[in-house]
Amino acid sequence: MANVTVIGAQWGDEGKGKIVDWLASRADAVVRFQGGHNAGHTLVIDGETYKLSLLPSGIVSGTMSMIGNGVVLDPWALRDEVQKLEGQGVTITDDNLAVADNCPLILPLHRDLDGLRETAAGSGKIGTTGRGIGPAYEDKVGRRAIRVCDLAHLDDLEPQLDRLCAHHDALRAGFDQPPVDRAGLLAELREIAPFVMRFAQPVWKRLKKVRKAGAKILFEGAQGVLLDVDHGTYPFVTSSNTVSGTAASGSGLGPGSTGFVLGIVKAYTTRVGSGPFPTELEDEIGQTLGEKGHEFGVVTGRKRRVGWFDAVIVRQSCAISGVTGIALTKIDVLDGFETVKICTGYRLRNNVIDYLPSHAGDQQLVEPIYEEMPGWEESTAGARSYADLPANAIKYIQRVQELIETPVALVSTSPERDDTILVRDPFLD
Ligand code: GDP
Ligand code: IMO
Ligand code: MG
């Protein structure tokens, strides 16, 4: 069965939302499988911009959309986002949206803790999105989370609240904060519960059914492999596994179901938040790339850090995530540079290495080794076929494929849905 799993192969913001939306019209269901509303996925359709954080990007094209158990769900953020999209004319009902009833909830106390820790860390902060993602995942693996299904049993919540509050009250005391307002929390949960329960169901069961019926499923990753809690630039990572393997465990289908792994790769590199970034440019070129690429975070509005394309990290991500093919995005942002650079390896203590080491100190120390290529004067913006691309842009794309040892399946040339070059259809592979 031709299913497709979309993941980010850098530090997030590669253009996953655009590509998922483009592919969604060919799919029967779109499933988010990790992360939460720390994600910011942008879709541009006929000039109208949609920004999604929690809802799968298939929702705008009307494709059945599911939020899998691997996601941490802020019920209030869900309601806000549904209302915002409805305001843009998107229809969202329990016919086209399902939320896994075993999703752990992000509560206001998680957001509090995220903020308190970041403030206390000062210059050592992670630079999180402040959405409570990390603390919510901690409570999930600590077996004290309140989950979507619990919203149907709020009268039985006291023992769970005991466990949760015992933990959080101790942490809060360390930050000179008052204990959790239990009655207030319960009242807020009572108020939001009916909204969430409209969509709640065992998503694994729904997926089993659609798969049996021969449906094509599109798994939508958030963040990127370099933000993965195991494989990323730890500790400057998010708190979930962002690699393709999570599509199975985070939705409730077996690993044989996740299909073609489409790695989304920006033609240069960006990162938002703290942490190592070997090819970062803090000069005029970086400034130009950031401005041309409108590199500001969707969720927090923060300026993204910008650098040349780093083939080392993308080759590593493709290997770790078993990427079948990539979608190369934002090639148009490189238009007009006299020369462009690609990082092909690193120098670490006088040795040349071809991978990003695991140790945080070493990750900070690596120095990029660049290869320089001629740029192109012509515009690639809006190109919809290879024939429309200048020869040097094609050479750049070919060199990227070689260095990352993975073929290009799609090329994106503008934020607009249809400004996309199809090289190899992931659903037909
Ligand atoms: P995501 O988090 O991976 O979905 O990516 P974001 O939406 O956070 O950031 C990608 C940004 O680039 C968005 O503003 C998109 O509209 C925009 N974008 C996507 N593809 C292209 C492209 O090919 N060219 C240009 N210029 N912008 C693009
Ligand atoms: P999308 O899906 C880029 C980063 C944050 C921070 C780190 C931890 O739009 O690509 P968290 O709030 O998750 O605990 O923050 O991860 N981060 C992202 N960076 N794109 C994202 O999502 C991100 N989601 C989290 O900036 O460095
Ligand atoms: Mg984003």
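Order of listing sets the numbers, starting from 1, for every ligand and every atom in it.
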Considering only heavy atoms, which of Thr270, Thr238, Thr300, Leu227 lies nearest to atom 17 (N) of ligand 2?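 Ranked by closest heavy atom to atom 17 (N) of ligand 2, first place is Leu227.
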Would you tell me which option among Arg131, Glu118, Gln223 has the nearest heavy-atom contact to atom 21 (C) of ligand 2?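 Nearest heavy atom to atom 21 (C) of ligand 2 lies in Gln223.
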Does the residue [X] have a heavy-atom contact with ligand 1, meaning some pair of atoms that are separated by less than 4.0 Å?
| X | answer |
| --- | --- |
| Glu220 | no |
| Gly8 | no |
| Lys18 | yes |

Between the Mg ion (ligand 3) and Lys16, is there an N, O or S atom separated by less than 2.8 Å? no
For ligand 2, the portion of Arg271 having any non-hydrogen atom under 4.0 Å away: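 No part of Arg271 comes within reach of ligand 2.
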The answer for which part of Trp11 has a heavy atom under 4.0 Å from ligand 2 is backbone
Does any N or O of ligand 1 fall below 3.5 Å from an N or O anywhere on [X], backbone included?
| X | answer |
| --- | --- |
| Gly12 | no |
| Ile331 | no |
| Glu14 | yes |

Show which atoms of ligand 1 fall inside a sub-4.0 Å distance from at least one heavy-atom site of [X].
| X | result |
| --- | --- |
| Ser412 | 20 (N), 21 (C), 22 (C), 23 (O) |
| Thr413 | 23 (O), 24 (N) |
| Val298 | 8 (O) |
| His41 | 1 (P), 2 (O), 4 (O), 7 (O) |

Of all the non-hydrogen atoms in the protein, which one sits nearest to atom 27 (O) of ligand 2, and at what distance?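 It is Val272 O, 3.1 Å.
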May I ask you to identify the nearest protein heavy atom to atom 12 (O) of ligand 2, giving residue, atom name and distance to one decimal place in Å?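 Here the closest protein heavy atom is Thr129 OG1, 2.6 Å.
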Close aromatic pair by centroid cut-off 6.0 Å: Trp376 and Phe337: no
Are more than 12 heavy atoms, taken from residues, nucleotides or ligands other than Phe195, located less than 6.0 Å from that residue's CZ atom?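 Buried by this count: over 12 neighbours within 6.0 Å.
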For Tyr355, I'd like to know if atom OH has over 12 heavy atoms of other residues, nucleotides or ligands within 6.0 Å.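 Open: at most 12 neighbouring heavy atoms sit under 6.0 Å from OH of Tyr355.
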To the Mg ion (ligand 3), the closest N, O or S atom belonging to Asp13 is OD1
Any side-chain heavy-atom pair of His168 and Leu113 under 4.5 Å: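 With C-beta onward as the side chain, the pair touches.
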